[in-house]
Amino acid sequence: MIKIILPDGSEKEYKKGISAGEIAREISEGLFRKALGALVNGELYDLNRPIESDSTVKIITDKDPEAPVIFRHTIAHIMAQAVVRLYGKNVKLAIGPVIENGFYYDFDLEEKISEDDLPKIEAEMKKIIKENLPIERFVISKEEAKELFKDQPYKLELLEDIEDETVTYYKQGEFFDLCRGPHLPSTGKIKHIKLLSVSGAYWRGNEKNKMLQRIYGTAFAKKDQLDEYLKMLEEAKKRDHRKIGPKLELFMFENELAPAMPFFLPRGAKVINELLEFSRELHKKYGYEEVITPLIMNIKLWHQSGHWDHYKENMYFTEKDDVQYAVKPMNCPGHILIYKSKVYSYRDLPIRMSEFGKVHRYERSGVVHGLFRVRSFTQDDAHIYCTKEQIEDEIIKVMDFTNELYSAFGFEYEADLSTMPEDHMGDEKTWEVATEALRKALEKSGINYKINEGDGAFYGPKIDFHIKDSLGRKWQCATIQLDFQMPERFDIHYVDNNNELQRPVMIHRAIYGSIERFFGILIENFAGAFPTWLSPEQVAIIPVSDKYIDAAKELYEKLDSEGLRVKLDASNATVGYKIRNAQMLKIPYMIVIGEKELETKKYNVRTREGNTVEDLELEDFIKTVKEEIKNRSLKLSY
RNA sequence: GCCGACGUAGCUCAAUUGGCAGAGCGGCUGACUUGUAAUCAGCAGGUUGGGGGUUCAAGUCCCUUCGUCGGCUCCA
């Protein structure tokens with residue numbers, strides 16, 4: 001007999017080898033029907049897998065966060081089964097894991113699967129679901145497994161890497177797959193599935209390996225969850241900054257002549273300048289001094305910095321008078337030259353040097369993506385030169401800075417702390433001190449963070465920040481990196497209180513990260529409807545007919561002189577048409593001016609959200625909007 | 001870079017089996033003088049991404065090149 005402890009704390013004795021399914025059935029038939037799997041001592045179990053020793057058992061139903069892992073994994077198998085049915089036995093199966101919002105499976109087969117084939121595969125999957133095939137788990141020796149999977153080269157390769165002597169495989173109808181599990185008890189349990197896309201993927205993500213065909217899909221326990229997810233994808237598509245951006249005349253690309261290098265149009269440049277202005281205010285507040293460095297510098301600099309050795313592939317080069325130059329991919333070497341241009345006392349530290357540095361990095365053609373991944377972009381970069389003792393304080397200041405900046409956009413965020421990788425520079429003690437300083441700063445800030453062991457840069461540990469947008473998507477933006485290498489390479493120092501030369505620590509940090517990228521995130525987050533302070537145009541003036549253009553011009557002058565960004569629509573169109581245009585450009589406020597306004601000197605203000613406020617005194621409107629802008633408010637005032 | 005899909009007017013998209021390149025929006029011109037999400041009419045706009053080939057004939061078929069899109073991290 002074994003002892004089973006349930007989540008409510010109750011204990012019961014069962015026969016050894018009892019399954020979670022049987023336990024569930026004993027509790028209630030309803031629970032058994034809803035059960036998808038179980039958590040046994042924290043490990044996910046199939047419903048019918050025997051429990052061999054004293055355990056805590058929690059039955060998983062579709063309400064539990066673990067549920068999708070189980071049923072999506074099963075759906076991945078169902079998809080593989082469908083593909084084998086449709087394309088024949090010569091399909092070679094690779095891997096089919098669960099991912100954040102769904103699953104995929106990689107196949108190696110002669111025929112090309114295209115998006116057009118997805119409905120066919122989906123239909124076959126639904127058939128398999130309808131067949132409600134029982135899913136069985138088998139434990140076999142590795143030798144037996146090699147025999148069983150002798151026609152499946154990828155499975156054999158996976159077997160090579162498994163250290164345990166026994167492995168498990170799962171079988172449903174005619175289909176079986178090497179798999180750790182767990183799975184649903186039968187293929188009929190989850191019905192709400194959708195195949196999303198096909199793509200190529202290298203075996204084990206390594207581009208030296210064969211390119212396989214990958215099918216992505218998703219599955220949900222409830223139909224409305226699936227619908228909601230598909231709706232979210234639709235919404236994300238509608239907000240795609242690559243579509244909205246050109247439509248709102250924010251930016252463009254010229255694909256032939258400057259691929260992956262954005263051009264900002266007048267409306268976009270206004271937003272960017274507001275972002276820079278905001279950032280400058282904060283930089284000033286947090287004690288930074290702005291510098292400006294050259295875009296291209298002699299190749300010698302890049303040899304000394306190590307970029308030639310480690311980053312050459314991503315750099316652009318140019319030549320003049322037989323001298324080789326590199327276009328800067330990073331700002332640090334330039335900043336170091338400024339640091340080196342004078343002698344610092346320990347009293348001067350920390351030195352906080354910032355730059356809106358435009359950098360160029362060659363990115364492979366397949367990875368560029370709108371404003372999110374480009375070849376030329378602007379970093380809100382800064383380098384802090386300080387003593388080891390100052391690291392923690394400085395990190396905390398950077399985190400405060402980050403918090404203040406992100407809050408202004410309403411973003412929540414999380415952080416990752418990446419520690420010493422195997423291949424690293426500098427002694428381990430320095431790493432320890434530095435990592436500890438980062439960790440302490442994170443603790444003090446109270447933000448959510450997780451540790452990525454061994455994921456730091458070779459020159460120092462780092463913290464990355466991920467913001468969450470209005471659709472719940474995460475984006476990496478800010479980064480704080482400690483650097484022990486650059487100060488060594490450039491032999492920089494400060495004079496300590498014993499008049500001895502000391503090596504400062506260098507902290508790289510960026511908060512927006514890339515202005516271009518952050519701009520793209522903002523476009524998607526606000527779906528193009530920027531808060532007033534960021535809006536390219538803040539007020540649209542719409543004369544009822546050309547009789548009122550002079551009055552409209554006067555109003556324009558007034559608002560313009562108050563520092564508002566105003567658009568006067570003097571076109572010969574109807575009011576409705578001009579309202580529509582302003583609406584499409586997502587201009588926050590619209591003022592129609594006609595006979596009534598001339599008489600009363602009071603105005604009706606319409607917002608892009610469709611609200612209309614009547615009979616406003618102009619001075620009140622100006623005051624309110626100016627206040628809204630000054631506060632960088634996320635909400636409209638009316 | 002690699003796998004797959006795609007590239008037609010400024011934008012969104014049409015164009016039977018290869019058979020006269022079209023529409024809406026936008027633009028221009030004119031009429032209308034407009035009251036809170038599209039007034040009406042006329043006109044202009046194209047080497048069908050570039051280059052090469054097959055054919056009596058290519059937007060359509062083949063080759064090549066450039067670019068765009070979905071992916072290539074999630075380890076049975």
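In the text below, chain A, chain B and the rest are named by the order of the sequence lines, each starting its count at 1.
Against RNA chain B, the stretch residues 575-591 of chain A makes heavy-atom approaches under 4.0 Å through V575(A), G576(A), Y577(A), I579(A), R580(A), Q583(A).
Evaluation of atom-type donor-acceptor distances gives no pair under 3.5 Å for the side chain of E363(A) against the base of rG1(B). If you check distances only, the side chain of R608(A) never reaches the base of rA37(B) with a donor-acceptor pair under 3.5 Å. N255(A) contributes no side-chain N or O that forms a donor-acceptor pair with the base of rU68(B) under 3.5 Å.
Dense packing is recorded around CD of E609(A), with more than 12 heavy atoms of other residues, nucleotides or ligands lying under 6.0 Å away.
As rounded to the nearest Å, rG4(B) and rG27(B) have C1' atoms that lie 38 Å from one another. Taking atom P on both nucleotides, rU12(B) is separated from rG52(B) by 28 Å, rounded to a whole Å. Taking the C1' atom of each, rU60(B) and rG7(B) are spaced 14 Å apart, rounded to whole Å.
When the side-chain nitrogen and oxygen atoms of Y362(A) are compared with OP1 and OP2 of rG1(B), one or more of them lie within a distance under 4.0 Å.
Side chain to side chain, H466(A) and E414(A) fail the donor-acceptor criterion of an N or O pair below 3.5 Å.
At the heavy-atom level, E595(A) lies under 4.0 Å from base atoms of the strands shown. Looking at heavy-atom distances under 4.0 Å, E254(A) makes no contact with the nucleic acid at all. If you check every strand for non-hydrogen atoms under 4.0 Å, N604(A) touches a base.
Contact detail for A573(A) and K578(A): the closest heavy-atom pair is O-CE, 3.2 Å.
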Per-nucleotide protein contact string for nucleotides 71-76 of chain B (B base, S sugar-phosphate only, - none; heavy atom under 4.0 Å): BBSB-B
Side-chain polar contacts of residues 536-547 of chain A - donor-acceptor pairs under 3.5 angstrom, sequence neighbours left out - could you list them?
unit_1  : atom_1 : unit_2  : atom_2 : d
E537(A) : OE1    : R267(A) : NE     : 3.1
E537(A) : OE1    : R267(A) : NH2    : 2.7
Q538(A) : OE1    : R565(A) : N      : 2.7
Q538(A) : NE2    : T532(A) : O      : 3.0
S545(A) : OG     : K547(A) : N      : 3.3

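By the 4.0 Å N-to-carboxylate-O rule, R137(A) lies close enough to D46(A) to be salt-bridged with it.
Nucleotide rG26(B) holds its P atom 14 Å from the NZ atom of K247(A), rounded to whole Å.
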